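Before any comments, here is the structure.
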Amino acid sequence: MTWQDRYQATLMNTFGPPARTFIAGDGCYLTDADGKRYLDLLAGIAVVAVGHGNKAVAEAIAAQAARLGHVSNFFATPPQVELAEELTALLAPAGEARAFFTNSGTEANEAALKLTRLTGRHKVVAAEGSFHGRTFGALSLTWTEKYRRPFEPLPGDVTFVPYGDVTALEAAVDGSTAAVVLEPIQGENGVIVPPDGYLAAARRITSEHGALLWFDEVQSGLGRTGEWFAHTASGAAPDLVTLAKALGNGFPIGACLARGAAADLFTPGTHGTTFGGNALACRAALATLAQIGPLLPHVRETGAWLAAQLAGLPGVVTVRGRGLFLGVVLDGDVAPQFQAAALEAGIILNAPRPNVIRLIPPLIVTRDDLAYLLELWPTLCEAARR
Ligand SMILES: *Cc1c(COP(=O)(O)O)cnc(C)c1O
């Protein structure tokens with residue numbers, strides 16, 4: 001019996017049959033149970049930002065585990081305080097923002113959604129094509145019919161508007177709106193970048209009506225675009241930011257950041273968690289953040305270079321995204337076949353839409369690593385069409 005056979009016999013069938021079993025990782029490369037090596041351009045879905053087997057992260061976790069792993073949120077630990085200071089400083093001047101730590105992206109969104117209810121309003125405006133997670137609250141903000149339908153009725157009073165459409169947003173937001181939630185770049189929808197000015201317009205519209213502006217940066221945040229946040233360039237200052245994926249480089253941790261008046265909406269007893277923000281997770285995140293900062297120029301340069309290289313390749317209609325957050329639009333619905341051919345050739349990537357290949361590699365990826373993808377591209381394209 002292979003690992004895959006044993007997996008299928010014992011794990012719930014939520015993800016379908018696993019394509020491979022991986023036993024080790026090193027930087028941008030993974031090794032499967034047969035000893036075959038793969039270039040990983042998916043990074044555990046935008047998670048492993050500073051690479052597999054990252055030494056500094058591993059050592060930070062080991063040292064913290066030996067000293068103090070968990071004490072419950074009745075008490076403070078230094079890693080938790082340091083991480084809150086570092087993350088809030090990325091968003092606002094000292095004293096203007098606060099953090100709530102979770103174990104995942106959906107939990108960060110759950111915290112943010114509960115927080116919006118404390119405004120006394122309950123209407124939330126979200127975008128068509130959005131993905132915010134699988135727990136009930138986050139699912140109520142998620143657009144995809146196939147994820148929602150089996151679980152209805154969902155909580156919340158949620159209105160969906162076309163992503164990137166300022167007029168539609170203006171029409172949907174009023175004095176009863178608690179919050180507008182947007183991904184600054186939509187990830188699961190195929191790496192969709194909104195038109196210039198959209199995020200700033202969302203700030204203006206929410207401010208006019210006293211609603212909170214909430215950016216879900218779970219996938220787009222923490223260096224993925226070559227900036228700390230994908231919204232940084234827009235100049236729009238959100239009230240809420242949710243984070244997860246890259247935060248712990250694979251150690252499960254998420255965060256809900258709030259600034260201004262929103263930062264003081266939770267009071268003792270209104271929300272909580274057992275594991276969220278424990279010393280191990282926060283130490284992993286601190287070791288990750290310390291490495292992401294110096295990588296930002298590299299992410300911008302390598303991402304721009306990769307996008308330009310891809311744009312000239314066969315089968316490519318357009319390349320969208322920013323930094324190392326790229327969606328390659330193919331001239332046919334062959335992205336799943338392309339993904340399968342790539343895996344056979346030793347490259348891991350995925351297809352969030354039938355005609356889109358998503359590239360979200362570790363932020364440490366180099367031009368030399370990526371040369372293999374570019375070299376193989378015409379062959380993969382041909383294989384995808386057969
Ligand atoms: C992945 C993702 C989530 C959910 O995160 P989980 O850790 O899987 O719960 C939420 N929002 C966005 C934008 C994501 O990409």
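Order of appearance sets the numbers: ligands from 1, and atoms from 1 within every ligand. All residue numbers in this chain count up from 1 along the given sequence. Note that this is a predicted model, so its numbers are computed, not measured.
- Inclusion of K245 in the set of residues having an N or O under 3.5 Å from an N or O of ligand 1 is warranted.
- When non-hydrogen atoms are compared, ligand 1 lies under 4.0 Å from the side chain of E183 (C-beta onward) but not from its backbone.
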Test side chain to side chain contact (heavy atoms under 4.5 Å, CB included) on L370 and T302; report intermediate values, then the result.
CA-CA 9 Å; L370 294 164; T302 310; 3.8 Å; yes

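- With sequence neighbours excluded, the residues forming a side-chain contact (heavy atoms from CB on, under 4.5 Å) with A92 are E96, A97, R259, listed by chain and number.
- A salt bridge is defined here as a Lys NZ or Arg NE, NH1 or NH2 lying under 4.0 Å from an Asp or Glu carboxylate O, and D157 with R117 fails to meet this definition.
- Taking every non-hydrogen atom of N109 and a distance limit under 4.0 Å, the qualifying atoms of ligand 1 come out as 10 (C), 11 (N).
- Using a 30° and 60° split on the angle between ring planes, F275 and H70 fall in the perpendicular class, above 60°.
- Of all atoms in ligand 1, listed by their number and element, those nearer than 4.0 Å to a heavy atom of Q219 are 15 (O).
- Looking at D216 next to ligand 1, an N or O pair under 3.5 Å apart turns up.
- Backbone and side-chain nitrogen or oxygen atoms of T106 are examined, and one is located within less than 3.5 angstrom of a nitrogen or oxygen of ligand 1.
- Within a 4.0 Å radius of atom 11 (N) of ligand 1, the protein contributes one or more non-hydrogen atoms.
- When only non-hydrogen protein atoms are considered, atom 7 (O) of ligand 1 lies nearest to G105 N, 2.8 Å.
- Among the atoms of G133, none of the N or O lies under 3.5 angstrom from an N or O of ligand 1.
- Ring geometry, F100 versus F266: the interplanar angle falls from 30° to 60°, so the pair is classed tilted.
- By the 30° and 60° cut-offs, the orientation of the rings of W214 relative to H132 is tilted.
- The cationic atom of R134 (NZ for Lys, CZ for Arg) lies less than 6.0 Å from the six-membered ring centre of Y147 and within 45° of the ring axis.
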